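The structure appears below as C-alpha cells.
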Amino acid sequence: MPTAAQAGGKTEDGSSLGNSKGNLQGKNITVETKVRTTVNGTPSTGKTGNLSSADSNWTPPACWYEPAFSPKEIQATVKAWRGISGLPLIGSVGDFVGDMLDQRYKEGKPYKNYNLDKQGEGMFWAAAINPNRKDDPEAMECDKPPFWVDNGVTPPEPLAVSPQILAEYAYDELPVPGTEIEMKPAGATKVNLPTWIWLDKAKFKKISVTASLPGTGLSATTTAEPVSLHIDPGTGDARTYPASGDCEINADGSIGEPYADGKATAADRAGGRDDTPPCGVTYLRASGSDGAYALQATVTWKISWTSTTGEGGDLPEGTFGATQDVTVQEIQSVNR
C-alpha cells in the first residue's frame with residue numbers, strides 16, 4: 001500500500017505538522033492513530049497476554065475517526081503524494097491520487113483551498129485503524145474520507161473517537177499476566193489423588209491502561225481485576241473442586257490454596273481420610289498411552305473504565321488462559 005509520510009516540524013505560522021502518515025486504503029486516506037497508551041502498574045511476571053472478550057458478540061473497535069490534519073497538513077499530504085510519482089513501480093499513481101485529493105480539498109468539492117482560511121479553527125478528521133485489529137473485516141467500516149470538524153464540535157459520527165472508544169481500545173492493550181498455575185503434585189499425579197491448584201496473589205493484581213489522544217484532553221482508563229479461575233481438566237474422567245471448576249479469588253488476591261505437608265495422600269485416602277483442595281482436580285482414569293491430559297486454566301477478569309469527562313462503566317469480562325500437560329498414573333500396589 002503506498003504511503004505518503006508528512007515530515008514533522010513547524011509551518012510558517014508555528015503550527016506543528018506532527019508525524020501523521022497518510023495511507024491510501026482504496027480511495028480513502030487513513031492515518032496511524034495518535035492515541036497513546038500507558039500501563040499503570042506492571043505485571044510481576046514476565047509472561048503476559050491480551051484478553052479475549054467473554055462476550056462473543058463484542059470486540060474492541062477495529063477503527064474510528066480522529067483529528068488528523070490541519071489545513072496546512074492536508075495540503076502537505078497532497079504534495080507528498082504527488083512527490084512519489086516517477087518512483088520505480090509507482091509510475092504516475094502519485095499524480096492520480098493528488099488530482100483526486102485536490103478535487104475534494106482544493107477545488108470546492110466540498111472544500112476550497114484546503115480550508116487554509118480556517119487554519120487553527122478546526123481539523124480534518126480521518127479514519128484510524130486499531131493496530132491490533134488491522135486484519136479484521138470491521139477495519140474497513142471507517143470508509144469516509146477526511147472531513148472537516150470545527151474546534152469544540154463533536155461530529156455526528158458514531159465511530160468518532162470518544163472516551164468510550166478510547167476505553168475499548170485500552171481493553172486491547174491490557175497486558176494481563178500469564179496463567180501458569182501451581183500444582184501439587186506437579187506435572188504428574190495418581191488416579192483418585194486430589195491435585196491442589198493455586199495462583200500466587202503477587203501475580204494477580206488489578207492492572208490498568210490509560211489511552212489518551214494528545215491535544216484533545218480526551219483520556220480513558222480501563223482497569224482489569226481478576227475475579228476467578230476456571231479449571232478444565234482436559235477429560236471427562238475427572239472431578240473438579242469446586243464441582244463447577246470455578247475457583248473464586250481469595251480476599252488477599254490469591255486463588256486456591258497452596259499444598260502443605262500433612263494434606264491427604266493416596267494412602268490417607270485409602271484409610272478413609274478425605275482432605276480435598278478448595279481449588280483442584282481429581283483424575284479418575286490414567287492418561288495412559290496418550291501421555292498426558294491438557295489441563296486448561298483460564299482467569300476471568302472484570303473490566304471497568306473511567307474517563308476525563310466523567311463517563312465510565314463496565315466492559316465485557318475478559319479471559320486469558322494457558323494449557324499445561326498433566327500425566328496421570330495408576331497407583332501401583334505391592335503384592336506379597
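Treat the numbers as computed from the prediction; the structure is a model and nothing was measured. The figures that follow rest on heavy atoms only: side chains count, while hydrogens, waters and symmetry mates do not.
- Classified by interplanar angle (parallel below 30°, tilted 30° to 60°, perpendicular above 60°), the ring pair F124/Y111 is perpendicular.
- With hydrogens and angles ignored, the 3.5 Å screen pairs a side-chain donor or acceptor of T240 with a backbone N or O of A243.
- With contacts defined as side-chain heavy-atom distances shorter than 4.5 Å, the pair V328/Y293 qualifies.
- Contact check for L218 versus P163: side-chain heavy atoms found under the 4.5 Å cut-off.
- Under 3.5 Å, the side chains of N250 and E257 contain no donor-acceptor pair of N or O atoms.
- In this structure the side chain of F147 reaches within 4.5 angstrom of the side chain of Y65, judged on heavy atoms.
- Considering all non-hydrogen atoms of both residues, I255 and E248 come closest at CG2-O, 4.1 Å.
- For Y114, the side-chain hydrogen bond (donor to acceptor under 3.5 Å, both in side chains) partners two or more places apart in sequence, or in a different chain, are D102.
- Contacts of R285 classified as salt bridge (charged side-chain N to carboxylate O under 4.0 Å, His left out), with partners at least two apart in sequence or in another chain: D237.
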For side chain to side chain contact (heavy atoms under 4.5 Å, CB included), just list the numbers for Y171 and I303, CA-CA rounded to whole Å, side-chain angles, deciding distance to a tenth of an Å, and then say yes or no. CA-CA 8 Å; Y171 186 112; I303 313 296; 3.7 Å; yes
Going through the distances and angles, do W301 and E317 end up as a side chain to side chain contact (heavy atoms under 4.5 Å, CB included)? CA-CA 6 Å; W301 298 76; E317 290 183 338; over 6 Å; no
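- Between T210 and the options T221, T37, T222, a side chain to side chain donor-acceptor pair (under 3.5 Å) holds for only T221.
- Heavy-atom minimum distance, P60 versus R133: CD-NH2, 3.2 Å.
- T319 contributes atom OG1, which lies 11.0 Å from atom CG of D55 (distance to the nearest 0.5 angstrom).
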Give the intermediate values and the outcome of side chain to side chain contact (heavy atoms under 4.5 Å, CB included) for residues K112 and K106. CA-CA 5 Å; K112 187 175 181 180; K106 182 181 180 181; over 6 Å; no
Determine whether E66 and K34 satisfy the following criterion, side chain to side chain contact (heavy atoms under 4.5 Å, CB included), listing intermediate values before the conclusion. CA-CA 8 Å; E66 64 181 60; K34 293 180 182 177; 3.6 Å; yes
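- Proximity of a side-chain donor or acceptor of Y283 to a complementary backbone N or O of T235 within less than 3.5 Å is not detected.
- A continuous path of Ile, Leu, Val, Met, Phe, Trp and Tyr side chains, each step under 4.5 Å between heavy atoms, connects W58 with F320, placing both in one hydrophobic cluster.
- Under the ring pair (Phe, Tyr, Trp, His ring centres under 6.0 Å) criterion, W305 pairs with no residue, sequence neighbours left out.
- Across every non-hydrogen atom of T323 and A294, the tightest pair is CG2-CB, 3.6 Å.
- Contact detail for D325 and A292: the closest heavy-atom pair is CB-CB, 3.8 Å.
- Looking at V161 and P67, their side chains come closer than 4.5 Å, going by heavy atoms from C-beta outward.
- In this structure, the separation between OG1 on T223 and CG on L174 is 8.0 Å, given to the nearest 0.5 Å.
- Judged purely by distance below 3.5 Å, without hydrogens or angles, the side chains of T195 and T189 pair a donor atom with an acceptor atom.
- The line from CZ of R104 to CG of D99 is 16.0 Å long, rounded to the nearest 0.5 Å.
- For the pair Y105/Q75, no side-chain contact is recorded, criterion being any heavy-atom separation below 4.5 Å from C-beta on.
- Within the model, atoms OG1 of T282 and CG of N192 stand 7.5 Å from one another, a figure rounded to the nearest 0.5 Å.
- Crowding of E180 atom CD: a count of heavy atoms from other residues, nucleotides or ligands under 6.0 Å not exceeding 12.
- Side-chain atoms of D252 and S254 include a donor-acceptor pair closer than 3.5 Å.
- Side-chain polar atoms of D200 and W198 form no donor-acceptor pair below 3.5 angstrom.
- Proximity of a side-chain donor or acceptor of S212 to a complementary backbone N or O of P214 within less than 3.5 Å is not detected.
- At least one side-chain heavy atom of Q324 sits under 4.5 Å from a side-chain heavy atom of I181.
- Defined by atom type and a distance below 3.5 Å, a donor-acceptor pair is present between the side-chain atoms of K190 and Q329.
- Of all the heavy atoms in E330 and V191, the pair that sits closest is OE1-CG2, 3.9 Å.
- In this structure, CG on L159 lies 4.5 Å from SG on C142, to the nearest 0.5 angstrom.
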Would you please test W125 and F69 for ring-ring contact (aromatic ring centres under 6.0 Å, His included) and show each step? CA-CA 7 Å; W125 288 42; F69 302 105; over 10 Å; no
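- In terms of the side-chain hydrogen bond (donor to acceptor under 3.5 Å, both in side chains) criterion, residue partners of E311 (sequence neighbours excluded) are, by chain and number, T309.
- Inter-residue side-chain proximity for T38 and V209 is flagged as unmet; no heavy-atom pair is nearer than 4.5 Å.
- Annotation: Y169 is in aromatic contact with W64 [ring centroid separation under 6.0 Å].
- The shortest heavy-atom contact between P194 and P185 is O-CD, 4.0 Å.
- For the pair E157/K144, a side-chain contact is recorded, criterion being any heavy-atom separation below 4.5 Å from C-beta on.
- The closest donor-acceptor contact from the side chain of E73 to the backbone of S70 lies under 3.5 Å.
- Donor-acceptor pairing under 3.5 Å is recorded for the side chains of N130 and D172.
- One finds the CH2 atom of W148 at 8.0 Å from the CE atom of M123 (value rounded to the nearest 0.5 Å).
- Note: the hydrophobic cluster containing V227 does not contain L229 (ILVMFWY, side chain heavy atoms under 4.5 Å, direct or indirect links).
- Judged as a salt bridge (Lys or Arg N to Asp or Glu O under 4.0 Å), not a single pair has a partner in residues 220-231 (not counting sequence neighbours).
- Partners of T179 by side-chain hydrogen bond (donor to acceptor under 3.5 Å, both in side chains), not counting sequence neighbours: none found.
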